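Chain naming here is simple, since letters A, B, ... match the order of the sequence lines and numbering starts at 1 in each. Keep in mind the model is a prediction, meaning the values are calculated, not measured.
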Amino acid sequence: MRSWLAARIWTQNTEMDETALIQDAMRGDLDAFNRLVLAYQDIVYSQAYRMMGEQEAAEDAAQDAFISAYRKLDSYRGGSFKAWLLRIVTNVCYDELRRRKRRPTTPLEPVDNDNDEIESPRWMSDPSESPEERAERMEVARALQHCLEDLPPEFRAVVALVDIQGMDYTEASVAAGTPLGTVKSRLARARMRMRECLKGMWELLPDSMRLVGESEI
Amino acid sequence: MNNRIGTREWEALSAYLDNQLNTRDRARLEAQLKSDAELRRAYEELRRTRIILRSQRRMRAPRNFMLSPAMAGVRRGAAQSALRSNPGPFTVLRLASVLATIFFIFITVGDLVVQNYGPQPTTISSEQQPQPAFGMGGGGGGAPAIAMAPTTAPAEPLVGAQTVNENSASAIAPDNRSSIDVTPMPTQEAMKQPEQPPNFAQPGVNAADQQQNSAAVQQRTARPFGATLVIRLLQGLLILLAVGAGLAAYYVRRTTG
């Protein structure tokens with residue numbers, strides 16, 4: 001009971017601090033805003049990385065998101081500041097992904113035996129490779145990231161918000177800028193596709209994480 | 001595999017995992033799960049997928065993303081005054097475009113007003129000039145009284161003169177715009193002039209009536225060509241400035257976000 005009370009008081013103090021910092025930042029206090037940046041930069045960067053799949057692009061997106069957030073502080077109308085920030089970074093990522101689609105650049109992709117670039121990012125699940133070879137150069141996280149990148153950006157954003165950032169549906173709805181029903185639907189479809197994708201590389205997963213095999217039926 | 005399971009079932013399973021189903025839907029799904037092995041397997045796969053996703057640790061930012069004053073821009077707080085004293089190119093261009101538009105409208109409207117309703121430049125019409133060749137002709141009976149008008153009312157010399165010599169003037173110079181009309185020899189029409197206008201030199205008609213009548217046929221005098229040219233040039237420059245500055249402002253806005 002005492003620990004619960006302490007946790008609740010701590011949460012309230014944190015919220016008050018955050019509210020005060022936001023108010024100060026809205027009045028032009030850059031130091032106050034930078035304290036908010038420090039508090040949320042891991043979350044924002046993580047979301048950007050899940051969306052973009054590259055460190056450099058994720059850094060750019062996170063930085064742009066914080067600059068945009070500072071300039072748009074007037075439009076913050078209360079509620080979850082984290083969700084508000086995640087919405088901004090998600091939109092920045094959408095814009096960048098759209099821009100890349102319009103002006104495709106040469107991706108840093110592997111080459112095959114003939115030194116020809118392999119065009120599809122699905123190279124990691126190439127069926128000609130043995131599970132051992134794949135297991136040597138891939139980690140679970142990387143596999144997961146590739147499965148994420150196979151998703152449409154809208155699905156990717158929702159699954160990253162709910163399953164990786166740990167947000168509830170309501171927060172994710174705010175962060176994604178979509179209705180609650182859309183979040184539910186997109187999340188289900190994203191998980192369905194992730195399941196299919198992960199099944200293709202289940203050997204890479206630890207035993208505890210392996211999906212149900214035929215033998216288990 | 002799992003082809004039998006539709007999107008609706010997948011959505012229900014996903015919501016069930018997150019405890020987002022209402023009591024009724026939850027009970028129904030649980031009953032289905034007990035009786036349907038394929039659905040149970042789908043649920044298990046989805047649950048493990050969710051575990052894998054949630055097992056990912058939150059990534060740490062590789063660097064700080066704190067904003068420097070330069071990155072934050074000069075938009076807020078103390079910087080606001082700096083913004084006011086040193087407006088950006090967008091503000092300047094927008095202001096230039098608006099001002100140019102206002103001046104253009106002002107000059108155009110003013111020019112139209114002056115041309116149509118403003119006082120005309122005083123000119124000496126052909127009627128007022130001595131006409132030695134037919135001084136006794138077109139003037140008619142009213143001529144002596146009118147002849148005094150320029151000296152008594154210098155601002156409106158044309159009115160009286162025109163009233164008296166309206167017909168002869170139209171016969172001599174139909175355009176009535178030249179202030180230095182060359183006076184030709186009187187035509188027969190001009191010589192007949194006293195018979196024509198019913199209100200011409202009627203006894204008892206006062207000077208105000210004559211002025212009113214004459215206003216309807218007031219002669220227009222052409223503005224000097226130089227002034228017209230200057231106005232047109234000014235209008236052209238202003239419209240160019242308005243459009244150019246507006247487009248430049250739009251471009252600046254687009255490029256700087």
Side-chain angles (χ1 to χ4, degrees), chain A residues 25-30 33-35 37-38 40-46 49-50 55 58-59 62-63 65-68 70-71 73 140-141 143-145 148 159-160 162-166 168-169 184-185 187-192 194-199 205-206 208-212 216-217, chain B residues 1-3 5-21 25 37-83 256-257:
Chain A
M26 288 174 93
R27 283 192 287 269
D29 186 346
L30 188 57
F33 184 78
N34 278 333
R35 286 178 66 188
V37 171
L38 286 175
Y40 286 110
Q41 62 183 3
D42 287 348
I43 295 171
V44 168
Y45 172 77
S46 182
Y49 185 84
R50 295 302 178 190
Q55 180 179 329
E59 284 183 43
Q63 189 69 77
F66 281 121
I67 292 171
S68 180
Y70 183 73
R71 292 180 176 175
L73 263 177
V140 173
L144 192 69
Q145 184 60 36
L148 276 174
V159 79
V162 174
D163 281 338
I164 297 177
Q165 305 286 359
D168 60 34
Y169 283 19
K184 282 184 187 176
S185 169
L187 181 64
R189 288 160 190 252
R191 283 172 172 169
M192 208 170 77
M194 288 295 290
R195 178 192 66 93
E196 287 293 333
C197 178
L198 288 171
K199 273 172 77 175
L205 305 176
S208 61
M209 290 185 177
R210 285 189 185 178
L211 301 180
V212 180
E216 294 179 51
I217 300 173
Chain B
M1 191 181 288
N2 295 329
N3 287 338
I5 301 173
T7 308
R8 190 182 293 266
E9 280 80 16
W10 282 113
E11 286 186 14
L13 287 174
S14 175
Y16 179 66
L17 279 170
D18 295 326
N19 201 21
Q20 294 287 323
L21 285 182
D25 290 341
E38 196 174 353
L39 191 67
R40 203 162 51 244
R41 191 180 66 179
Y43 166 73
E44 184 61 22
E45 287 178 354
L46 209 59
R47 188 182 69 81
R48 293 200 184 191
T49 302
R50 183 171 172 270
I51 289 173
I52 294 168
L53 283 164
R54 298 202 166 203
S55 71
Q56 300 301 300
R57 286 187 302 176
R58 182 177 291 158
M59 306 177 78
R60 290 185 63 87
R63 63 177 175 84
N64 271 333
F65 293 109
M66 290 192 298
L67 305 190
S68 65
M71 290 161 79
V74 285
R75 202 184 69 86
R76 293 180 168 278
Q80 200 73 293
S81 58
L83 178 66
T256 58

Exercise for the section: Go through B:M59, B:R60, B:M71 and name the one with the most non-hydrogen pairs under 4.5 angstrom from chain A. Expected result: B:M59
Problem - Side chain to side chain, A:L187 and B:E11, heavy atoms closer than 4.5 Å - result: no
So which heavy atom on [X] is nearest to which on [Y], and how close?
X	Y	answer
A:R195	B:W10	NE-CH2, 3.4 Å
B:A15	A:Y169	CA-OH, 4.0 Å
B:R63	A:E59	NE-OE1, 2.9 Å
B:P62	A:Q55	CB-NE2, 3.7 Å
A:N34	B:L67	OD1-N, 2.7 Å
A:Y70	B:A72	CE2-CB, 3.5 Å

Can you tell which of [options] has the highest number of heavy-atom pairs within less than 4.5 Å of chain B?
options	result
A:D42, A:L148, A:I43, A:V159	A:D42
A:Y49, A:Y45, A:F66	A:Y45
A:G166, A:A62, A:A58	A:A62

Handout entry: A:Q41 (side chain) donor-acceptor with B:A61 (main chain) under 3.5 angstrom
Key = no
Problem - Which atoms of B:R40 approach chain A - backbone, side chain, both or neither, heavy atom under 4.5 Å - result: neither
Exercise for the section: Check whether B:S68 gets within reach of chain A through its side chain, its backbone, both or neither, counting any heavy atom under 4.5 Å. Expected result: backbone
Exercise for the section: Only counting residues at least two apart or in another chain, list the ones meeting salt bridge (charged side-chain N to carboxylate O under 4.0 Å, His left out) with B:R47. Expected result: B:E44
Straight-line distance of [X] [atom1] to [Y] [atom2], nearest 0.5 Å:
X	Y	atom1	atom2	answer
B:Q20	A:D168	CD	CG	7.5 Å
A:M192	B:L13	CE	CG	10.5 Å
B:E45	A:K199	CD	NZ	4.0 Å

Practice task
Check whether A:R189 gets within reach of chain B through its side chain, its backbone, both or neither, counting any heavy atom under 4.5 Å.
Solution key: side chain
Exercise for the section: Can you tell which part of A:L30 gets under 4.5 Å to a heavy atom of chain B, answering side chain, backbone, both or neither? Expected result: side chain
Exercise for the section: Just jot down the side-chain contact (heavy atoms from CB on, under 4.5 Å) partners of B:R54, sequence neighbours excluded, or say none. Expected result: A:V162, A:D163, A:R191, B:D18, B:R50
